[in-house]
Visitor: 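Pasting a structure below so you can have a look.
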Amino acid sequence: MSGWNIHLPATEYFELGLVQTQPEEAHKLLTFMNEMASQPRVAIDTETTGLVTWKDIPLYWSVAWPGKRATLHANMLQHFQAIFKQLKKDWIMANAKYDTHILANVGVNLAGRLVDTCVMHSLLYEDKPHGLKYMAQHLKGWTYGDFQDQFGKIGKLQSAEELIRRAEKENMSLLIEYAANDAWATWQVYEELRTQLQMAATHSLFRTTYPYIETLWDLFDKIEVPYTRVLWDMERAGIKVDRAHLERSEPEALQEIQRIEKDINHAVGFILNPKSPLQLRDYFFEKEGYPPIKWSKGGTTGVRNPSCDSMFLEHIAPKDEVARLVLKHREYSKLHGTYIKGLHDLLDPTDRIHTRFNQDVARTGRLSSATPNLQNVPRPENDKWGLRRAFIPEEGCEIIAVDYEQLEMRLLAAAALEPDMIGIFARGWDIHMGNAALMFNVPYEDLKSAKAIDKQVKSKQLPESAMTDYVHQCLEHRAAAKAIGFGLNYGMGAGKLGHSLNLSRADAQKKIDQYKATYPAVKQFFEEAVAETLRTGYSFTILGRRRNVIEIASHRKDERALGERIAINTQIQGSAADVCKMAQIHIANLDLVKHYGCRMLLQVHDELVFECPKENVKIAMEEIKELMEHPFSSDLAVHLAVDGGHGDSWGAAK
DNA sequence: TGTCCCGGCGCG
DNA sequence: AAAGCGCGCCGGGACA
């Protein structure tokens with residue numbers, strides 16, 4: 001306990017048997033409950049049977065507030081219901097959604113605010129871990145025993161529950177102390193982080209905040225705390241999956257994969273595992289003697305190997321049967337392993353699936369989604385088995401999916417106050433055509449009709465001869481503008497752009513120059529983003545979230561360039577995340593569940609997915625769209641357009 | 001059996 | 001000389 005100079009109060013312990021048989025214990029409990037009920041903030045933690053949020057239950061729980069720490073048996077939970085139902089209470093937790101799920105699994109619903117110390121920590125130290133043990137050590141200098149060090153490794157052989165059951169018999173006092181330490185550390189860390197957040201001045205990327213945010217504490221208190229509850233509700237609801245769809249697809253996929261494996265072995269003349277990068281390298285570069293076109297990054301070992309990724313395989317595919325087979329194999333085994341089998345393994349008994357939305361992972365302030373990741377489910381055009389159609393509504397409901405149209409580009413135009421780009425959005429133009437029109441001085445109408453002609457030729461409504469040189473040129477202009485529009489947010493260089501457009505590096509550079517000449521305010525915005533990040537060390541988003549970009553001051557040129565790309569991208573990507581986050585909070589406040597039985601289920605960065613009784617789909621969708629378009633108390637210089645659809649599955653809703 | 005890293009790839 | 005941001009998950013392979 002080095003450096004720990006705060007008084008550590010004795011741990012109180014309560015369990016049902018004791019308070020029912022011993023009057024003095026019952027009296028102590030009453031005093032304790034009264035004190036707890038009067039606390040505005042209580043740190044709370046659970047020791048559980050496992051990590052599955054919809055299934056596992058608490059075995060012990062612990063609480064802490066100034067001067068007090070206690071561990072309680074799970075059999076005491078029901079006696080505290082009146083306190084758990086208090087509306088005006090902050091529950092301080094490390095990884096708040098998890099404990100809230102575990103408690104809900106035994107009918108304990110925390111009515112107050114869910115205050116997550118991990119999220120607090122992530123606002124200040126986004127490049128550090130946010131686990132409780134780490135925070136206690138780094139913020140308070142307190143190192144205390146890790147669960148697995150003291151009670152044994154959790155694994156296949158022994159579950160968390162078994163370890164706790166054994167500790168109950170063999171070392172109950174250690175168990176009580178351990179549980180209390182977690183709550184105590186959570187409280188200490190909370191107080192420290194609150195002070196630090198209050199002292200951390202910040203500002204909006206837009207120089208005006210909506211709502212008004214002066215410090216990181218404001219950001220946490222006004223935005224992140226209510227957002228935790230929104231995410232918890234989504235995780236809790238889960239989304240229904242068509243189990244039969246997965247079970248139908250599984251053997252199909254397996255069969256396709258095995259057929260391809262056979263073909264590969266036949267074609268190469270020996271057993272080759274197409275999932276092994278090692279064996280593929282040996283085959284293509286040693287045996288077949290292809291020249292590599294790309295090398296891997298090396299990672300920690302620094303070993304750079306020639307790459308057999310899809311870029312290489314596609315490059316040789318026209319003349320190489322094995323490459324074509326490996327590409328197909330990759331496609332199908334990805335779908336099988338990650339989505340068909342992966343999703344099936346995580347269904348709950350009602351065929352719903354519960355992702356975890358992480359609020360403290362992405363350095364830009366975006367969410368991440370895990371176990372399973374529902375933010376990377378394949379789009380229909382890349383998915384033979386149509387997995388988005390396996391996400392279905394409950395009986396009598398439909399799925400609603402609403403997404404922002406070019407959110408990041410709209411925010412770029414609004415942040416840069418680029419009048420011509422703002423004009424394109426104001427006219428409701430296709431942004432890529434609009435960019436192309438201004439960059440290459442071509443009438444917008446020509447670009448529009450070129451796209452229409454292309455479509456008609458492809459569907460055989462027009463002869464091939466309709467594709468004149470000029471039409472081709474117009475299509476190329478739009479493609480170039482599109483690639484630049486997306487690429488520049490990421491700091492894409494001329495080499496990469498040239499590759500994606502089949503142009504020389506010099507020609508690609510010319511296009512980039514044309515873009516920057518067309519939009520001087522955007523050019524200036526990028527330069528200012530870099531300059532400010534260099535000056536302050538931080539990149540700021542619209543809600544005043546900040547990211548420390550250490551790379552930008554590096555003496556290494558490539559690292560500095562990375563820092564510049566991060567500085568630009570964080571402002572745009574992070575602000576887009578802010579927009580969606582605000583919309584979600586507003587939507588939750590509307591209480592669509594109460595009014596329409598409509599539940600928010602998923603967030604995929606710029607898309608929200610709902611489940612809604614059929615008869616209310618129209619009205620609910622209108623209200624959702626309205627709030628998504630106006631996430632802040634005042635509107636931005638660019639209208640935030642959204643597009644929505646509904647249907648009998650996620651796949652059908654778009 | 002469990003853990004780590006790597007190459008590769010799904011999404012926005 | 002080269003320079004694409006942000007995530008999470010799978011299987012292979014090395015190692016304890």
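What you are looking at is a predicted structure, and each value in this text was computed from that prediction instead of being measured. In what follows, chains are A, B, ... by sequence order, proteins preceding strands, each numbered from 1.
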Visitor: Is the distance from OP1 or OP2 of B:dG7 to the nearest side-chain N or O of A:Ser296 less than 4.0 Å?
Guide: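 A:Ser296 to B:dG7 OP1/OP2: side-chain N or O found under 4.0 Å.
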Visitor: Do A:Lys496's NZ or CZ and the ring of A:Tyr490 fall within the cation-pi criteria of under 6.0 Å and 45°?
Guide: no
Visitor: Tell me: OH of A:Tyr339 to C1' of B:dC11, nearest whole Å?
Guide: 7 Å
Visitor: Is NZ or CZ of A:Arg546 both nearer than 6.0 Å to the six-membered ring centre of A:Tyr538 and within 45° of the ring axis?
Guide: yes
Visitor: Just checking A:Leu562: base, sugar-phosphate only, or nothing, at a heavy-atom cut-off of under 4.0 Å?
Guide: sugar-phosphate
Visitor: Can you check whether A:Thr364 has a side-chain N or O nearer than 4.0 Å to OP1 or OP2 of C:dC7?
Guide: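 Indeed not, no polar side-chain atom of A:Thr364 lies that close.
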Visitor: Please classify the nucleic acid contact of A:Thr570 as base, sugar-phosphate, or nothing, using heavy-atom distances under 4.0 Å.
Guide: nothing
Visitor: Output the single nucleotide from B:dG7, C:dG11, C:dG6 whose closest atom is nearest the side chain of A:Lys275.
Guide: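 Looking only at heavy atoms from C-beta outward on A:Lys275, the closest nucleotide is C:dG11.
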Visitor: Base, sugar-phosphate or nothing for A:Asp606? Non-hydrogen atoms, less than 4.0 Å.
Guide: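 A:Asp606: backbone/sugar contact only, no base atoms under 4.0 Å.
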Visitor: Which part of the nucleic acid, if any, lies within contact of A:Asp383, taking any heavy atom under 4.0 Å across all strands shown: a base, the sugar-phosphate backbone alone, or nothing?
Guide: nothing
Visitor: Would you say A:Asn376 reaches C:dG6's phosphate, i.e. side-chain N/O to OP1/OP2 under 4.0 Å?
Guide: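 A:Asn376 to C:dG6 OP1/OP2: no side-chain N or O under 4.0 Å.
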Visitor: Could you state the atom-to-atom distance from CG of A:Leu313 to C1' of B:dC9 in whole Å?
Guide: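 Atom CG in A:Leu313 sits about 12 Å away from atom C1' in B:dC9.
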Visitor: Which whole-number value in Å describes the distance from A:Leu280 CG to B:dC9 C1'?
Guide: 14 Å
Visitor: Is the phosphate of B:dG12, meaning OP1 or OP2, less than 4.0 Å from a side-chain N or O of A:Arg379?
Guide: yes
Visitor: For A:Arg556, answer base if it contacts any base atom (sugar-phosphate contacts may also be present), sugar-phosphate if it contacts only those atoms, and nothing otherwise; contact means non-hydrogen atoms under 4.0 Å.
Guide: nothing
Visitor: Given C:dC7, C:dG6, B:dG8, identify the nucleotide with an atom nearest to the side chain of A:Arg547.
Guide: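 Nearest to the side-chain atoms of A:Arg547, counting from C-beta on, is C:dG6.
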Visitor: Are A:Asn273 and C:dG12 close enough that a side-chain N or O sits under 4.0 Å from OP1 or OP2?
Guide: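 It does, given that an N or O in the side chain of A:Asn273 lies less than 4.0 Å from OP1 or OP2 of C:dG12.
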Visitor: Select one nucleotide: of B:dC11, C:dC5, C:dA3, the one nearest the side-chain heavy atoms of A:Asn382.
Guide: B:dC11
Visitor: Heavy atoms under 4.0 Å, any strand shown: does A:Asp558 hit a base, just sugar-phosphate, or nothing?
Guide: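 The residue A:Asp558 makes no contact with any strand.
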Visitor: State, to 0.1 Å, how close A:Lys511 and A:Leu503 come at their nearest heavy-atom pair, and which atoms those are.
Guide: CE-CD1, 3.6 Å
Visitor: Contact class for A:Ser307 (heavy atom, under 4.0 Å): base, sugar-phosphate, or nothing?
Guide: sugar-phosphate
Visitor: With a 4.0 Å cut-off on heavy atoms, is A:Gln279 in touch with a base, just the backbone sugar-phosphate, or nothing at all?
Guide: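 Here A:Gln279 touches the backbone only, sparing every base.
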Visitor: With the side chain of A:Pro378 defined as its heavy atoms from C-beta on, choose the nearest nucleotide among C:dC10, B:dC11, B:dG8.
Guide: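 Nucleotide nearest to A:Pro378's side chain: B:dC11.
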Visitor: With a 4.0 Å limit, can you tell me whether A:Gln603 has a side-chain N or O closer than that to the phosphate oxygens OP1/OP2 of B:dG12?
Guide: no
Visitor: What nucleotide among C:dG12, C:dC7, C:dG6 has an atom nearest to a side-chain atom of A:Gln573?
Guide: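 Closest nucleotide to the A:Gln573 side chain: C:dG6.
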Visitor: Find the distance A:Leu327:CG to B:dG8:P and express it as a whole number of Å.
Guide: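 Distance check: A:Leu327 CG to B:dG8 P gives 12 Å.
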Visitor: Using Watson-Crick or G-U wobble geometry with both distances below 3.5 Å, tell me the partner of C:dG4, or none.
Guide: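 In the structure as shown, C:dG4 has no Watson-Crick or wobble partner.
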Visitor: Side chains of A:His121 and A:Asp360: is there a donor and an acceptor less than 3.5 Å apart?
Guide: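 A:His121 vs A:Asp360: no donor-acceptor pair found between side chains.
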Visitor: Would you indicate, yes or no, if C:dG8 has its OP1 or OP2 atom less than 4.0 angstrom from a side-chain nitrogen or oxygen of A:Thr371?
Guide: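 For C:dG8, OP1/OP2 do not have a side-chain N/O of A:Thr371 under 4.0 Å.
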Visitor: Parallel under 30°, tilted from 30 to 60°, perpendicular over 60°: which one fits the rings of A:His432 and A:Phe486?
Guide: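 Ring orientation of A:His432 relative to A:Phe486: tilted.
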Visitor: Answer yes or no: does a side-chain N or O of A:Arg356 lie under 4.0 Å from OP1 or OP2 of C:dG8?
Guide: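 Looking at the OP1 and OP2 atoms of C:dG8, neither is under 4.0 Å from any side-chain N or O of A:Arg356.
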Visitor: Examine B:dG8: is either OP1 or OP2 under 4.0 Å from a nitrogen or oxygen in the side chain of A:Ser310? Give yes or no.
Guide: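 It does not, given that no N or O in the side chain of A:Ser310 lies less than 4.0 Å from OP1 or OP2 of B:dG8.
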Visitor: Rounded to the nearest angstrom, tell me the gap between atom CG in A:Asn489 and atom P in C:dG6.
Guide: 13 Å
Visitor: What nucleic acid atoms does A:Lys557 come within less than 4.0 Å of, heavy atoms only: base, sugar-phosphate, or nothing?
Guide: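 Result for A:Lys557 = base.
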Visitor: Classify the side-chain pair A:Gln584/A:Tyr227 by whether it contains a donor and acceptor separated by less than 3.5 Å.
Guide: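 A donor-acceptor contact under 3.5 Å links the two side chains.
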Visitor: Does either side chain, that of A:Gln375 or that of A:Ser368, offer a donor lying less than 3.5 Å from an acceptor on the other one?
Guide: no
Visitor: Would you mind classifying the nucleic acid contact of A:Arg304 as base, sugar-phosphate or nothing, using non-hydrogen atoms under 4.0 angstrom?
Guide: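 The answer is nothing, as A:Arg304 stays clear of every strand by at least 4.0 Å.
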Visitor: C:dG13, C:dG6, B:dG7: which one has an atom nearest the side-chain heavy atoms of A:His605?
Guide: C:dG6
Visitor: State whether a side-chain donor-acceptor pair under 3.5 Å links A:His101 with A:Trp232.
Guide: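 Side-chain D/A pair, A:His101 to A:Trp232: present.
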Visitor: Tell me what A:Lys496 touches on the nucleic acid: a base, only sugar-phosphate, or nothing, going by heavy atoms under 4.0 Å.
Guide: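 Answer is base: heavy atoms of A:Lys496 come under 4.0 Å of a base.
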Visitor: Could you check whether A:Gly337 gets within reach of a base, just the sugar-phosphate, or nothing at all, counting any heavy atom under 4.0 Å?
Guide: sugar-phosphate
Visitor: With a 4.0 Å limit, can you tell me whether A:Ser368 has a side-chain N or O closer than that to the phosphate oxygens OP1/OP2 of C:dG8?
Guide: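 For C:dG8, OP1 or OP2 has a side-chain N or O of A:Ser368 closer than 4.0 Å.
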Visitor: Which part of the nucleic acid, if any, lies within contact of A:Gly491, taking any heavy atom under 4.0 Å across all strands shown: a base, the sugar-phosphate backbone alone, or nothing?
Guide: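 Sugar-phosphate contact only.
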Visitor: Tell me: CD of A:Gln406 to P of B:dG12, nearest whole Å?
Guide: 13 Å
Visitor: Which nucleotide in the list C:dG4, B:dC11, B:dG10 gets nearest to the side chain of A:Lys334?
Guide: B:dG10
Visitor: With a 4.0 Å limit, can you tell me whether A:Arg565 has a side-chain N or O closer than that to the phosphate oxygens OP1/OP2 of C:dC5?
Guide: yes
